[in-house]
Amino acid sequence: MEIIVSDSVEEMSRTAARLVARTLNSKPNAVLGLATGSTPLGLYKELVRMHQEEGLDFSQVTTFNLDEYVGLTRKHPQSYHYFMHENLFQHINIPKQNIYIPSGTTDNYEAFCSWYEQRIVECGGIDLQILGIGSDGHIAFNEPTSSLGSRTRIKTLAKQTIDDNARFFDDLAEDVPVYAITMGVGTILEAEKILLLANGASKAKAVAQAIEGPVTSMITASALQLHPDVMYIVDRPAASALTMSDYYEWIQTKMPDAP
Ligand code: GLP
């Protein structure tokens, strides 16, 4: 596990974008796993800039998003379909048919979830998975006590997550869907490389538990400790509860090609 502590959210986003660009430069038809939420916004903005100003090419890229709210149509402003289109897809040259996002409106969730898992495999698996982290330590919508072997499925959201995400909805908590369709922890762990981003003091406890605590379904991000190639990029407030942060920062100064 590699932990990079950034001085700012902007630096965190730029470092993450460089890693994505490096992946695409070495494998133009890479499969990316994408996350939503406020955390990856700066990363997406930087990727759009790299595409527009430096020609970063997405023409052969395939993407799989982690999750979607159940019941929201793709045109709903709070749907993750809408979020991805607004913040990334409409600004880059990715072919529409290469974009996969779980459906929040299918009439057969079980069949959809199996199909989604199968498509990931048929596309060769995810080369680089981008993750954020919930304040309760969840990844995607794998809430506390989710099986660490879980696959794409319907999940009931935790009260904490509903409260955290209420800021995006008009009528606050009343409007936040209770269910989501999400890749499982087991699905995420099959990615070749995983990059988790976190910023802000509200993530400090979850980040510390995920990196330095025991592997537990109570903090689903802790399952990343079982993966051989995980990088965390966190800003200083998000790193503030890590007991070994001096060590992580010291390692960075010793690594000649640190991103
Ligand atoms: C939601 C998403 C997660 C995301 C989390 C944190 O629960 N399903 O993928 O990591 O929110 O969101 P934010 O980045 O806005 O803090």
Side-chain angles (χ1 to χ4, degrees), residues 6 8-10 12-13 16 32-46 63-72 76-84 86-88 100-104 113 116 126 128-146 150 152-169 172-173 175-185 187-189 191 194-207 209-211 218-224 230-235 237-239:
S6 297
S8 64
V9 181
E10 292 72 30
M12 175 191 87
S13 304
L32 300 178
L34 298 179
T36 50
S38 49
T39 308
L41 277 175
L43 160 64
Y44 295 154
K45 210 169 154 198
E46 179 63 4
T63 61
F64 285 90
N65 261 81
L66 288 168
D67 45 16
E68 178 59 287
Y69 288 116
V70 166
L72 299 194
H76 191 291
Q78 302 312 334
S79 75
Y80 287 167
H81 278 81
Y82 189 90
F83 174 101
M84 290 308 301
E86 285 297 299
N87 293 300
L88 184 63
Y100 295 90
I101 304 178
S103 168
C113 291
Y116 203 71
I126 291 171
L128 176 64
Q129 174 67 58
I130 310 292
L131 295 176
I133 186 168
S135 60
D136 61 4
H138 73 243
I139 46 175
F141 271 130
N142 294 289
E143 298 286 25
T145 72
S146 288
S150 53
T152 303
R153 70 207 183 291
I154 295 255
K155 191 76 193 111
T156 314
L157 302 189
K159 175 80 170 57
Q160 176 72 58
T161 301
I162 291 175
D163 291 346
D164 286 349
N165 292 352
R167 66 189 193 277
F168 300 113
F169 288 81
L172 298 177
D175 280 354
V176 184
V178 174
Y179 298 104
I181 175 167
T182 180
M183 275 190 207
V185 179
T187 320
I188 292 168
L189 288 176
I194 297 178
L195 171 60
L196 189 147
L197 306 178
N199 64 275
S202 64
K203 301 293 174 67
K205 190 171 168 217
V207 165
Q209 286 176 314
I211 294 174
M218 288 301 287
I219 306 287
T220 52
S222 68
L224 303 181
V230 174
M231 182 186 278
Y232 276 80
I233 310 180
V234 300
D235 74 350

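First listed ligand is number 1; within each ligand, the first listed atom is number 1. As the structure is a prediction and not an experimental result, all values here were calculated from the model.
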What's the spacing between Glu46 CD and Leu41 CG if we round to 0.5 Å?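 Here the interatomic distance stands at 13.5 Å.
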Enter the distance from Leu34:CG to Ile101:CD1 here, rounded to the nearest 0.5 Å.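 Result: 8.5 Å between the selected atoms.
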Which atoms from ligand 1 have a heavy atom of [X] less than 4.0 Å away?
X      : value
Asn165 : 1 (C), 7 (O)
Thr39  : 13 (P), 14 (O), 16 (O)
Tyr80  : 1 (C), 2 (C), 8 (N)
His138 : 1 (C), 5 (C), 7 (O)
Arg167 : 15 (O)
Gly132 : 10 (O)
Asp67  : 2 (C), 8 (N), 9 (O)

Kindly indicate, with the supporting measurements, whether the criterion side chain to side chain contact (heavy atoms under 4.5 Å, CB included) is fulfilled by Leu131 and Ile194. CA-CA 7 Å; Leu131 295 176; Ile194 297 178; 3.6 Å; yes
So which heavy atom in the protein is nearest [atom], and how far is it from that ligand atom?
atom                    : answer
atom 6 (C) of ligand 1  : Ile133 O, 3.6 Å
atom 16 (O) of ligand 1 : Lys203 NZ, 2.6 Å
atom 4 (C) of ligand 1  : Thr36 O, 4.0 Å
atom 3 (C) of ligand 1  : Ala140 O, 3.5 Å

Checking side chain to side chain contact (heavy atoms under 4.5 Å, CB included) against Leu157, which of Asn165, Asp164, Ile162 comes through?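 Among Asn165, Asp164, Ile162, the one that satisfies the side chain to side chain contact (heavy atoms under 4.5 Å, CB included) with Leu157 is Ile162.
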Parallel, tilted or perpendicular, as decided by the 30° and 60° cut-offs, for the rings of Tyr44 and Phe83: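 Taking Tyr44 first and then Phe83, their aromatic rings stand perpendicular (interplane angle over 60°).
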Tyr116 vs Phe64 aromatic rings, parallel, tilted or perpendicular, using cut-offs 30° and 60°?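 Answer is perpendicular, since the angle exceeds 60°.
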Qualifying residue, where the test is side chain to side chain donor-acceptor pair (under 3.5 Å) with Arg153 and the options are Thr187, Asn142, Thr182: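 Only one option passes, and that is Asn142.
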Side-chain heavy-atom pair Ile126, Met183 within 4.5 angstrom cut-off: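 They are in contact (side-chain heavy atoms under 4.5 Å apart), so the answer is yes.
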Side-chain contact, heavy-atom cut-off 4.5 Å: Ile133 with Leu197?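 No; the side chains remain at least 4.5 Å from each other.
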Report the member of Ala206, Ala158, Gly37 with the shortest heavy-atom distance to atom 12 (O) of ligand 1.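 Going through Ala206, Ala158, Gly37 one by one, Gly37 has the nearest heavy atom to atom 12 (O) of ligand 1.
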Pick, from Gly200, Ala35, Gly134, Ser38, the option with the minimum heavy-atom distance to atom 13 (P) of ligand 1.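 Ranked by closest heavy atom to atom 13 (P) of ligand 1, first place is Ser38.
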